[in-house]
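See structure below.
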Protein chains: 2
Amino acid sequence: MVTKRVPAGLPEDADLRRADSLAREIFSDVANKWALLIIEALGEGTLRFSELRDEVEGVSHKMLTQNLRMLERNGLVERTVHPTVPPRVEYTLTEPGRELRTAVDAICGWTHEHLDHVERARERFGER
Amino acid sequence: MVTKRVPAGLPEDADLRRADSLAREIFSDVANKWALLIIEALGEGTLRFSELRDEVEGVSHKMLTQNLRMLERNGLVERTVHPTVPPRVEYTLTEPGRELRTAVDAICGWTHEHLDHVERARERFGER
DNA sequence: CTGGATCCCGACAGATACTG
DNA sequence: CAGTATCTGTCGGGATCCAG
């Protein structure tokens with residue numbers, strides 16, 4: 001987390017602190033397993049709640065709603081309710097959300113590309 | 001998380017399942033706040049344990065060691081002990097670790113670039 | 001179907017103390 | 001300084017039930 005350094009006490013000092021703590025807060029929100037998997041699952045498209053639950057393997061009802069609310073609150077995901085019966089709710093990444101997704105993609109890609117490296121590292125690590 | 005689809009029952013089927021579950025496991029390990037912050041803190045350089053504790057703001061002694069062990073086990077971080085007194089232990093990203101770091105950089109960058117967007121989204125979300 | 005609310009247990013994370 | 005161990009409380013997160 002790169003932080004701009006400024007002599008203490010200047011007028012803009014407080015603002016910078018605020019911005020940094022906000023950045024940390026957002027990072028903490030976003031940098032968790034379920035949030036990233038949801039972002040990855042949404043991809044370019046639109047998914048319903050139940051589709052997401054199926055798509056994001058292993059996520060519980062609670063964690064899904066919780067993270068979706070959080071992502072919506074932070075403006076990463078847009079939630080559109082179709083007032084039909086039964087209700088139909090769709091989730092889509094916003095533009096910033098899609099931008100973040102490319103980073104998540106990179107992590108996913110990295111994971112698959114280094115399976116062997118990790119496995120070998122684990123074996124070596126196991127020898128003790 | 002893109003998964004290659006193969007007709008069930010083929011010889012390589014089991015291998016693919018194993019690879020996927022391994023990928024998920026690695027992802028779960030890596031996609032957490034402290035691990036990502038540690039990777040980001042290490043950057044291109046080398047840091048001692050105590051330097052990392054200072055650098056990664058808010059991390060506890062325990063979480064730091066725990067995550068460092070995990071990153072070492074997965075071959076993302078290299079740990080070198082200098083048998084001096086007092087002991088001096090240094091941590092560096094491995095090559096795969098540095099590759100992953102670029103993705104983490106992207107997330108950090110994203111965070112700082114969208115502070116306003118997030119703040120506005122939160123305000124709008126608050127109106128309920 | 002979506003999702004809020006509640007209960008409850010296990011895992012996680014902090015604090016502290018102890019070794020090399 | 002670096003790291004392990006233990007103890008303890010908190011809370012993440014699953015299961016379940018209820019409502020719109």
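Just so it is clear: chains get the letters A, B, ... in the order the sequence lines come, proteins before strands, and each one is counted from 1.
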Quiz item: Of the nucleotides dA13(C), dA2(D), dG3(D), which has the atom closest to the Tyr91(B) side chain?
Solution: dG3(D)
Exercise. Kindly point out which of dG3(C), dC1(D), dT4(D) is positioned nearest to the side chain of Thr65(B)?
Key: dT4(D)
Quiz item: Whole-Å distance between dG12(D) C1' and Trp34(B) CH2?
Solution: 16 Å
Quiz item: Which part of the nucleic acid does Arg79(A) contact within heavy-atom distance under 4.0 Å: base, sugar-phosphate only, or nothing?
Solution: sugar-phosphate
Quiz item: Picking from dC1(D), dG3(C), dG3(D), which would you name as closest to the side chain of Pro87(B)?
Solution: dC1(D)
Exercise. Give the C-alpha distance, both sets of side-chain angles, the deciding distance and a yes or no for salt bridge (Lys or Arg N to Asp or Glu O under 4.0 Å) between Arg24(A) and Asp20(A).
Key: CA-CA 6 Å; Arg24(A) 268 298 282 272; Asp20(A) 262 17; over 6 Å; no
Exercise. Between Gln66(A) and Arg88(B), name the one whose nearest nucleotide on DNA chain D is closer to the 5' end.
Key: Arg88(B)
Quiz item: Between Asn32(B) (CG) and dA11(C) (P), how many Å, whole number?
Solution: 17 Å
Practice problem: Counting heavy atoms from C-beta on, name the nucleotide in dG3(C), dC1(D), dA2(D) closest to the side chain of Ser50(B). | Solution: dA2(D)
Quiz item: Leu68(B) CG to dT4(D) C1': how many Å, rounded?
Solution: 14 Å
Self-check item: Interatomic distance, Leu71(B) CG vs dG3(D) P [rounded to whole Å]
Solution: 13 Å
Practice problem: Give a yes or no on whether the backbone of Gly75(A) and the side-chain of Thr94(A) come within a donor-acceptor separation of less than 3.5 Å. | Solution: yes
Self-check item: Gap between atoms CG and C1', on Leu64(B) and dG14(C) respectively (whole Å)
Solution: 14 Å
Quiz item: Side chain of Arg98(A), backbone of Leu93(A): donor and acceptor closer than 3.5 Å?
Solution: yes
Quiz item: To the nearest angstrom, how far is His82(A) atom NE2 from dT2(C) atom P?
Solution: 12 Å
Exercise. Kindly point out which of dG3(C), dT4(D), dG14(C) is positioned nearest to the side chain of Lys62(B)?
Key: dG14(C)
Quiz item: Within the structure shown, what part of the strands sits under 4.0 Å from Arg69(B) by heavy-atom distance: base, sugar-phosphate, or nothing?
Solution: sugar-phosphate
Practice problem: For His61(B) and for Asn67(B), locate the closest nucleotide of DNA chain C by heavy-atom distance; then report the residue assigned to the nucleotide nearer the 5' terminus. | Solution: Asn67(B)
Quiz item: Met70(A) has an atom CE; how far is it from atom C1' of dG4(C), in whole Å?
Solution: 18 Å
Exercise. Give a yes/no answer on whether the side chain of Arg48(A) brings an N or O atom under 4.0 Å of OP1 or OP2 in dC1(C).
Key: no
Practice problem: Among the candidates dA2(D), dG20(D), dA13(C), find the nucleotide nearest to the side-chain atoms of Met63(B). | Solution: dA13(C)
Quiz prompt | d(CZ, Arg53(A); C1', dG13(D)) in whole Å | solution = 16 Å
Quiz item: Judged by modelled atom types alone, do His114(B) and Glu99(A) share a side-chain donor-acceptor pair under 3.5 Å?
Solution: yes
Quiz item: Measuring from Leu52(A):CG to Phe49(A):CZ, what's the distance to the nearest 0.5 Å?
Solution: 8.0 Å
